[in-house]
Amino acid sequence: MPELEKTYTPAEVEARWYQRWLDDKCFEADPSRVSEKRPAYSIVIPPPNVTGVLHMGHVLNNTIQDILSRRARMQGKEVLWLPGTDHAGIATQNVVEKTLKKQGVIKHRDDLGREKLVEKIWEWKDKHGDIIIDQLKKLGASCDWSRQRFTFDDDYNACVMRVFVDLYKKGLIYRGRRMVNWCPSSLTALSDEEVIPTPQKGFMYHFKVQVVEEPDTWLEIATTRPETIPGDTAVAVNPKDERYAHLIGKHIKRPLPLENQAPIPIVGDDHVDFEFGTGVLKVTPAHDKADFEIGQRHNLEIIDVLHPNAILNELAGKDLAGLERFEGRKKAVELLTELGVMVKEEPHQNNVGYSERAGVPIEPRLSEQWFLKYPSIKESQDVVAKGEMKFYPDRWAKVYDHWLTGIQDWCISRQVWWGHRIPVWYRGEETYCGTSAPEGEGWTQDPDVLDTWFSSWLWPFATMGWTGDKEKDSANPTLKAFYPTTDLVTGPDIIFFWVARMIMAGFEWMSELPFKNVYYTGIIRDKQGRKMSKSLGNSPDPLDLITKYSADALRFGIMRSAPLGQDIRYDEQNVELGRNFCTKLWNAARFRQMQSSTGFQPVSPDGRVENSSYITEAEISPTLLSSDDKWILLRLNTAIAEVSAALEEYRFSDATATLYRFFWSEYCDWYIEASKAVLQGSDEKRKANTLAVIDFVLSHTLRLFHPFLPFITEELWHGMGFNADLPENQGGKSIMFAPWPKPLDADELAHFGILPEDEATANQKYETVNLGRGLKSTFNINKKVRFVLKPNQELPGHEIEVIRILLNAEPLDVDASFAPTKGTPSALTPLGTVFLPLDGLIDVEAERARVGKDLAKAESELEKVTAKLADENFTSKVPQKVLDEHQQRLTDWQEKSAKLKEMLAALSA
RNA sequence: GCACGGAUAGCUCAGUGGUAGAGCGGCUCGCUUACACCGAGUUGGUCGGGGGUUCGAAUCCCUCUCCGUGUACCA
């Protein structure tokens, strides 16, 4: 067996193993291996932005996917974790345009033109596109990189085109002049989902206007956007509003622009809420969705006073033209004030839609866009409602359902160049839609590209080589084996953008749901609970953390703090804790290794002999098992069961907590320490047997840990020689293919002679040790000292030795007739009374005080239980089980109290 | 406005009717031959407030407060 290094060096180990896994093609999925005995497990990565860099959200998300994938491999499944990146149309084009502008290459995208700019973006993509992929590799992601996809690959592009044409032919895609969300920064339309309503502090401006037909009548109007007055083409009042109804049909004089104070009509419209503002609404059909609708109903003129970049244009009048919209607002107020028509301005809070990407207020804008009536809504809604597809946590199902219920058509066209170009061509009055350009001269293609999500929604099958040709697709082994996928792991922030749409696409083109389970991660926040963001600078670079602590540590730290469905408070301490845990694991393995060199009986590293099957139990001799051995085997059983159950239910933090507790608190703190009684002794047979138990536990623990800590477990798996003698594909080559641990079943437990009560036996011993240690600490003893145990019943010598070692006692005398001198500190334990004889060094008063405190506690508990049991109201109504418990409690406290009283009496004598 | 989630020890969280828990931190000891990235001990809580149901409530019901998320055409 190769000797383990003294210190663990994660950087070297992680790089080495990742390369080895790649070289050995460990992550590559082969559909031909899928069979009834070897089911498929598949998961598609939420494709990160191709120009992005790894952030903590990616770490969380991809660690989870990796855990699921690795566990599935260990369960003997054929695993496909399909990776790739997203072209992220608007975001990527923005980044490249900005860079080019900074470099002084261009002032505007038109300086380059469409083709040249797209070329530049491709160059950018080729240069930066693999950064995030490399970062995922550093994290240990076990994706099948041979299948890496990009949403703008030729094959993928073909899928997008095919889908567009299909929907167009089905009549679900149409072009129309509508009010859309316009981003004045990116100069494109956005979908409703890309607009974030943001509460905004502003002002409500009240101004008055003169009724043309009744010059003495003035109406007061309240608005938040006075700069759009030049675009007003009516004012509206509610026809039921008695204050104004008689004015309907008359006109008011629009105050701006000054050079064109045109009369505009007063219309009656139910939309107007007469409780709000003044009950008089200025109607600007070009710049407000609701106003646009009013305009439609009353056939109003539409005056667009803004350039696409939200600078006021000539129609706004000479005073406002050329001003940015917020400057224009100030100027408009000034003008109204000069006119003497400003009444007042009041602070006002309203919701303003912000562009999700550009972070600027969007403008409702009338423009020609492409829209999609969503397909397969019914199936998509039902599949989740009926629980055929499961959401974790399931409350997202309601959110999903609600969105689908009130769903609006999707604006899918974008006025940028980086993206899938709309496959529609025009020639005069003719329109052609097809996957390639039409025959003949004079056709021009629609300049718009498609929303990035219009490609992402095909991800689960477009990445698997879908062609839309039924025959071809049914002969496609990848699709056949791995679609529908098993799990999807993503953030709830893209439940509408992506998840819901993928479900629709799955039904529409594959006639089947795209995944069976969706796990929604929480959002990573900083210690103060704020979202992580670049501008706050509170987002650590995962790569720095990996350098500092290792990828395993980062993974473990993040998973430990990520309860199901809850936001995560990130604290670097958790990563540090992950590193410490790896170190502990490393040292525990080293401890085992150091024992073998001193061992007498030759035992193979895994406690196995040549040609044995994988099961190591055969090497453990049941007759030689100590109570500690039985205890740790039972605790291991519990840990395996708990971790397995937690993973089934996507409770990753519970799984990590169990692993931590089992390995650190149970295995290292108790079992290893107790086993030293044997390992430092002279019974060679027992030593060998203890080592076999240790190997059994370690080999199981490493496997249990592997999905969480892939690197260090692999290193130790080989370092400890646990891989030796295993078939290549079952742990010989890599721990990632070793079988997922199973708890010992009833037969195996019987074989080892392990009974459930064995756990309590060992626990009593450990409790005794705890109490003894407590005595030592109370009296500030930090050296090896003599303890005396006055046992309740006879104890085997081995058990006494274990207690001695755990207590660090020198010696531990067992004396059933021990008569302590007055004032000897003592503790009542499950195994008897433990004394710490200090030969007159102790303070009788102090000991009396200590015992007195214990007694007071016992008395108060006794009182409580007695009172309860004396209460007829209680005893008559309570179930027998509870009554028994209380009865037992009563007896326990009575006994304890009696003994404490005795001790106190002895101290006072 | 509506819906959902959350509020338990200094911090992060378990705990869905029967003696309030864990990890981390804090404090006190200790370089005991795997590990100081460690070990031992110990300290922390009228379970957000108020009502109610019950023999018994962190847990069930009502109500309020605060935080978060989603959603809604109020200029």
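Since this is a predicted model, take the numbers as computed values, not measurements. Sequence lines set the chain letters: A, B, ... in the order given, protein chains first and strands last, and positions in each chain run from 1.
Within the 4.0 angstrom heavy-atom criterion, base atoms lie near A/P879. Residue contacts for A/C668: at a heavy-atom cut-off of 4.0 Å it reaches a base atom on one of the strands shown. Residue contacts shown for A/S777 are limited to sugar-phosphate atoms, with no base heavy atom under 4.0 Å away. Backbone-only contact: A/R560 has heavy atoms under 4.0 Å from sugar-phosphate atoms and none from a base. When heavy atoms are screened at a 4.0 angstrom cut-off, A/D654 is found touching no nucleic acid atom at all. Residue contacts for A/R661: at a heavy-atom cut-off of 4.0 Å it reaches no nucleic acid atom on any strand shown. Within 4.0 Å of A/H271, counting heavy atoms only, lies at least one base atom of the nucleic acid. Among the atoms of the strands shown, none is found under 4.0 Å from any heavy atom of A/Y400. If you check every strand for non-hydrogen atoms under 4.0 Å, A/I672 touches a base. At a threshold of 4.0 angstrom between heavy atoms, the contacts of A/F581 with the nucleic acid are absent. Residue A/R773 is in sugar-phosphate contact alone, with no base atom involved, counting any heavy-atom pair closer than 4.0 Å across all strands shown. Within the 4.0 angstrom heavy-atom criterion, only backbone atoms of the sugar-phosphate kind lie near A/N770; the bases stay farther away. Within the 4.0 angstrom heavy-atom criterion, no nucleotide atom of any strand lies near A/D288.
Nucleotide B/A20: unpaired (no Watson-Crick or G-U wobble partner with both distances less than 3.5 Å). Of all nucleotides present, none satisfies the Watson-Crick or G-U wobble test against B/A14 with each distance under 3.5 Å. Nucleotide B/G26 forms a Watson-Crick or G-U wobble pair with B/U42, both donor-acceptor distances falling under 3.5 Å. Shown here, B/A3 forms a base pair with B/U69; the pair counts as Watson-Crick or G-U wobble because both key distances fall under 3.5 Å. Using Watson-Crick or G-U wobble geometry with both donor-acceptor distances under 3.5 Å, B/A34 finds no partner in any strand shown. With a 3.5 Å ceiling on both atom-pair distances, B/A9 lacks any Watson-Crick or G-U wobble partner. Across all strands shown, B/U54 has no partner, as no Watson-Crick or G-U wobble contact with both distances under 3.5 Å is found.
Two rings, from A/F705 and A/F581, have their centers less than 6.0 Å apart. You'll find the ring centres of A/Y392 and A/Y650 inside the 6.0 Å limit.
Donor-acceptor pairing under 3.5 Å, judged by distance alone, is absent between the side chain of A/R395 and the base of B/C4. Contact of A/E673 with B/A40 (side chain to base): no donor-acceptor pair of N or O atoms is detected under 3.5 Å. One cannot find a donor-acceptor pair under 3.5 Å joining the base of B/C73 and the side-chain atoms of A/K289.
Proximity of A/L716 to A/F711: side-chain heavy atoms (C-beta onward) are nowhere separated by under 4.5 Å.
With the nearest nucleotide of RNA chain B identified for both A/N574 and A/W670, A/N574 has the one nearer the 5' end. If A/M204 and A/E885 are placed on RNA chain B by their nearest nucleotide, the residue sitting closer to the 5' end is A/E885.
The side chain of A/R579 places no N or O atom within less than 4.0 Å of a non-bridging phosphate oxygen (OP1 or OP2) of B/C37. Within the 4.0 Å cut-off from OP1 or OP2 of B/C35, not a single side-chain nitrogen or oxygen of A/N580 is found. Between A/Y8 and the phosphate of B/C37, there is no side-chain N or O to OP1/OP2 separation shorter than 4.0 Å. Between A/K868 and B/U19 there is no side-chain polar atom (N or O) within less than 4.0 angstrom of OP1 or OP2. Side-chain nitrogen and oxygen atoms of A/K676 include none within less than 4.0 Å of the OP1 or OP2 phosphate oxygen of B/U33. Side-chain N/O atoms of A/W664 include one lying less than 4.0 angstrom from OP1 or OP2 on B/G39.
Regarding A/I196, its CD1 atom lies at a distance of 12 Å from the P atom of B/A72, rounded to whole Å. Here B/U12 presents its P atom at 13 Å from CZ of A/R525, a figure rounded to the nearest Å. The separation between A/L806 atom CG and B/U32 atom C1' is 13 Å, rounded to whole Å. For the pair A/Q887 CD and B/U19 C1', the computed distance is 15 Å after rounding to whole Å. Put simply, OH on A/Y520 is 23 Å from P on B/G68, counting in whole angstrom units. The nearest whole Å value for the distance from the OH atom in A/Y570 to the P atom in B/C24 is 18 Å.
Listed candidates were B/C55, B/C4, B/G39. Nearest to the side chain of A/K584 is B/G39. Of the candidates B/G18, B/C24, B/U69, B/C24 carries the atom nearest the A/L577 side chain, counting heavy atoms from C-beta on. When distances are taken from the side chain of A/D669 to each of B/C55, B/A75, B/G39, the shortest belongs to B/G39. Checking B/C13, B/A34, B/G70 against every side-chain atom of A/R569, the shortest atom distance belongs to B/C13. In the set B/U71, B/G18, B/A34, B/A34 carries the atom at the smallest distance from any side-chain atom of A/A588. The A/F874 side chain lies nearest to B/C55 when the options are B/C38, B/C55, B/A75. Comparing B/U71, B/C24, B/C4 by their closest approach to the side chain of A/Q573 singles out B/C24. When distances are taken from the side chain of A/F496 to each of B/A75, B/G70, B/G68, the shortest belongs to B/G70.
Syn is the conformation of B/G44, whose glycosidic angle sits no further than 90° from 0.
Under 4.0 Å is where a charged nitrogen must lie from a carboxylate oxygen, and between A/E861 and A/K896 no such pair does. Between A/E666 and A/R661 there is a salt bridge, with a side-chain nitrogen of the basic residue lying less than 4.0 Å from a carboxylate oxygen of the acidic one. The pair A/E576-A/K548 fails the salt-bridge criterion, with no side-chain N (NZ, NE, NH1 or NH2) lying under 4.0 Å from an Asp/Glu carboxylate O.
A distance-only check finds a donor-acceptor pair linking the side chain of A/R254 to the backbone of A/L256 [under 3.5 Å]. The main-chain N or O of A/A646 is never found under 3.5 Å from a side-chain atom of A/D654 such that the two would form a donor-acceptor pair. Proximity of a side-chain donor or acceptor of A/R773 to a complementary backbone N or O of A/L806 within less than 3.5 Å is detected.
Remark: the separation of the P atoms in B/A75 and B/C67 is 23 Å, to the nearest Å. B/C61 and B/A7 are spaced 15 Å apart, taking the P atom of each and rounding to whole Å. Straight-line distance between the C1' atoms of B/G26 and B/G45: roughly 16 Å, to the nearest whole Å. Of the P atoms belonging to B/A58 and B/G52, the separation is 15 Å, rounded to the nearest Å. If you take atom P in B/G30 and the same atom in B/G23, they sit 24 Å apart, rounded to whole Å. With both ends at atom P, the span from B/U59 to B/U16 equals 12 Å, rounded to whole Å. Taking atom P in both B/U8 and B/A3, the straight-line distance is 24 Å, to the nearest Å. Spacing of C1' atoms, B/A9 relative to B/G25, comes out at 11 Å, to the nearest Å.
At most 12 heavy atoms of other shown residues, nucleotides or ligands fall within 6.0 angstrom of atom CD in A/E275.
Between the side chains of A/T875 and A/K868, no donor-acceptor pair of N or O atoms lies under 3.5 Å.
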